[in-house]
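Scroll down for the structure; my scribbles are underneath it.
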Amino acid sequence: MPEPDPKDSSGSARQTVGGPRGLSAELTARLPRLLEATRSVGTGLELHAALACICEAAAELAHARYAAIGVVETPGEDLCDFITHGVPEETARAIGRPPDGHTGLLGALIQEGVPIRLEDLRTDPRFAGFPAGHPTMRTFLGVPVQDQGRTFGNLYVAEKQGGNAFGDGELHMLRVLATEAGIAIGHARMYEAARRREQWIDGSVAVTTALLSGGDADEALAVVAEQARRLADAEVGIVLLPAARGGLEIVAVAGDTPSASLGVIIPPQSPVVAALLRGEEVFLDDSATDPRLITRLADQYGPHMLLPLRSGGRVLGALSIPRIRGGRPFTRAERTLATHFAAQAALALKLAEAQRDRERLAVYEDRDRIARDLHDLVIQRLFATGIMLEGAQRRSTVPAVQAGIGRAVDELDVTIQEIRTAIFALQQEPAEAPSGLRTRVLREINMAAVPLGFMPAHRFLGPVDSLVGELAGKNLVAALREALSNVFRHARASRAEVTVDATAVLPDGRDAVRLTVADDGVGIPEGGRRSGLRNLARRAESLGGASWFGPGAGEGSGGTTVTWEVPL
């Protein structure tokens, strides 16, 4: 007769069964069902469905009323999946949260790694009690789910029909099923890990391409946020960059709904911001209750990854990836993949920054050249033309001709003054200008004049500098830059007009600031690319405003007029 299994943590002496020859006729009759259950693992079923089949077969083969499989992602963590058989849905809902896999008999199966067989589980000192609404159970048989020495969870049956204890035959079959479950989970984990790595690599490639494409910087950062959100299966993806006065500013948000957090600055006294700026990763189990978050922005979120965008010892920004409150915690593998993604995004961000610096240097060189040409050639020729006209005016004896020449000379003087103003603006460094909104708008217009080949007209209505707040002003300047960039890249215009109206009123009666950029170009073709217009709309909506486009300033309303407005 076979020796008792030393690893069988039974409540009474039982003997294990060495193989089919030691099984009774009744248990031998169950072998076809056992083979069918093990075969289901290799039929391409999704993992949860395959485990559900094993769970059902375990109850049937052991003549048990209840069966369950608990699965852990990594040792020491909570159960990430819990499949039951025999427990009605309404009872499961009444019980609420499934077991965590740390305590009680289910935790012992994972931690001790040996089978447990009991005639009355309620008398075992490891029993932690039943939650409210849980069905009554007495007899119990459980085995760990393992593969290649790794414990993935537990498989157990309870409440054998007829009230008898579970025997050696049931233990043998449960071990077989647990082995098959371990193989299925191990294979699924390897496949899932490979698939997730591939997805994160593809996401990193998409981010690098977006950042180095030379397109709009805000759009590229939005790609970083969206890829991080998608890959981490998070509620939102957020990119933060260092703010001018300290802390981190939210510059891109990707989510299912418009976010009001765009442009918000997280202060430098936040422990999380301090850690990120030191180049440290921050992982939170519950954002809503963690004392390290001092703002109210994270109250609606649960598990949270905050990762520095660090390259070459320098922190360029941060990436925030939260899940909804009560969501699945981030696994160790997900944290590692997200950290690598952030490092790759930081490298691409640094390369894009270097590329923009080169482009900015080229623009400054062009501005210097244009300023020199305007001063040395154009103004001198206009001045010489004015002198010639004044001489002709003195020689003429016809009053109408004298008056006409005088008006032409006056127009030349005004033109020379405007050109000198443009030269001064072209030679001015951005840091030298005052920080008022009017000045920032004029700076953007002067910057756009270089690639456009002409100076856009401009008009201000109302006390722009005093009425428009910092957040609205910053986003208005970014919207103006986007709109003028669209004119340069797509409109093929010869004229553009910029209007900033601080006396505008929204349809609901709120005071607002309205930006309009009108051109006489080719307009927006049907089916044309509209990413820039979407950026403008998203930026306005984040502040409670709106953006749209309509007919332009060309002949017959040709061209395009872009309108962008937000409340004051």
Side-chain angles (χ1 to χ4, degrees), residues 214-222 251-252 258 262-263 437-438 440-462 464 467-469 471-508 510-568:
D216 181 73
D218 289 340
E219 186 175 350
L221 293 174
V251 297
L262 194 66
L437 178 59
R438 182 187 297 264
R440 284 181 284 170
V441 168
L442 290 174
R443 183 191 307 154
E444 291 298 327
I445 291 173
N446 289 326
M447 287 281 287
V450 176
L452 284 171
F454 61 86
M455 180 68 70
H458 62 271
R459 187 162 60 117
F460 295 94
L461 300 176
V464 172
L467 285 182
V468 183
L471 182 59
K474 180 190 300 183
N475 282 276
L476 184 145
V477 171
L480 173 61
R481 186 182 307 126
E482 177 78 42
L484 290 175
S485 175
N486 288 340
V487 174
F488 162 65
R489 289 186 292 175
H490 309 299
R492 300 201 295 274
S494 60
R495 181 166 59 92
E497 301 172 359
V498 176
T499 302
V500 178
D501 183 3
T503 65
V505 179
L506 296 178
D508 60 7
R510 289 180 295 169
D511 294 334
V513 60
R514 178 179 297 133
L515 166 71
T516 57
V517 179
D519 65 70
D520 64 349
V522 297
I524 300 176
E526 287 293 330
R529 190 166 176 263
R530 285 172 165 77
S531 59
L533 297 173
R534 285 196 297 271
N535 288 340
L536 290 171
R538 186 167 58 242
R539 186 179 290 277
E541 289 167 0
S542 70
L543 299 176
S547 179
W548 64 91
F549 64 91
E555 185 176 350
S557 298
T560 305
T561 296
V562 173
T563 304
W564 187 92
E565 63 180 18
V566 296
L568 291 173

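FYI, side chains are in, hydrogens and waters are out, and symmetry mates aren't considered; it's all heavy atoms of this structure.
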Practice prompt. Could you check if a side-chain atom of L437 sits within less than 4.5 angstrom of a side-chain atom of F460, using non-hydrogen atoms only?
Written response: no

Discussion item. L515 vs L480, test: side-chain contact (heavy atoms from CB on, under 4.5 Å). Steps then yes/no.
Written reply: CA-CA 8 Å; L515 166 71; L480 173 61; 3.9 Å; yes

Worksheet entry | OG-CD distance between S547 and E541, expressed to the nearest 0.5 angstrom | 8.5 Å

Practice prompt. Work out which heavy atom in T503 is nearest to a heavy atom in G462; give both atom names and the distance.
Written response: CG2-CA, 3.7 Å

Worksheet entry | side chain to side chain donor-acceptor pair (under 3.5 Å) involving T499 - partner list, sequence neighbours excluded | none

Worksheet item: Rounded to the nearest 0.5 Å, what separation is found between the CZ atom of R481 and the CZ atom of R440?
Response: 10.5 Å

Item to complete: Using the test salt bridge (charged side-chain N to carboxylate O under 4.0 Å, His left out), find all partners of R510 that sit at least two apart in sequence or belong to another chain.
Response: D508

Worksheet item: Can you list the residues that meet the side-chain contact (heavy atoms from CB on, under 4.5 Å) rule with L471, with sequence neighbours excluded?
Response: N475, L543

Fill in: Which atom of V468 lies closest to which atom of A502, heavy atoms considered
CG2-CB, 4.4 Å

Worksheet item: Is the closest side-chain heavy-atom distance between V498 and L484 below 4.5 Å?
Response: yes

Practice prompt. Could you tell me whether the side chain of T563 and the main chain of T516 form a donor-acceptor pair under 3.5 Å?
Written response: no

Worksheet item: Would you call W564 and R539 a side-chain contact if the rule is heavy atoms closer than 4.5 Å?
Response: yes

Donor-acceptor pairs under 3.5 Å, side chain of residues 517-524 to any protein atom, not counting sequence neighbours: which ones?
| residue | atom | partner | partner atom | Å |
| --- | --- | --- | --- | --- |
| D519 | OD1 | G521 | N | 2.8 |
| D519 | OD1 | T560 | N | 3.4 |
| D520 | OD1 | S494 | N | 2.9 |
| D520 | OD1 | R495 | N | 3.0 |
| D520 | OD2 | S494 | OG | 2.8 |

Worksheet item: Considering residues at least two apart in sequence or located in another chain, which fulfil the salt bridge (charged side-chain N to carboxylate O under 4.0 Å, His left out) criterion with R514?
Response: E565

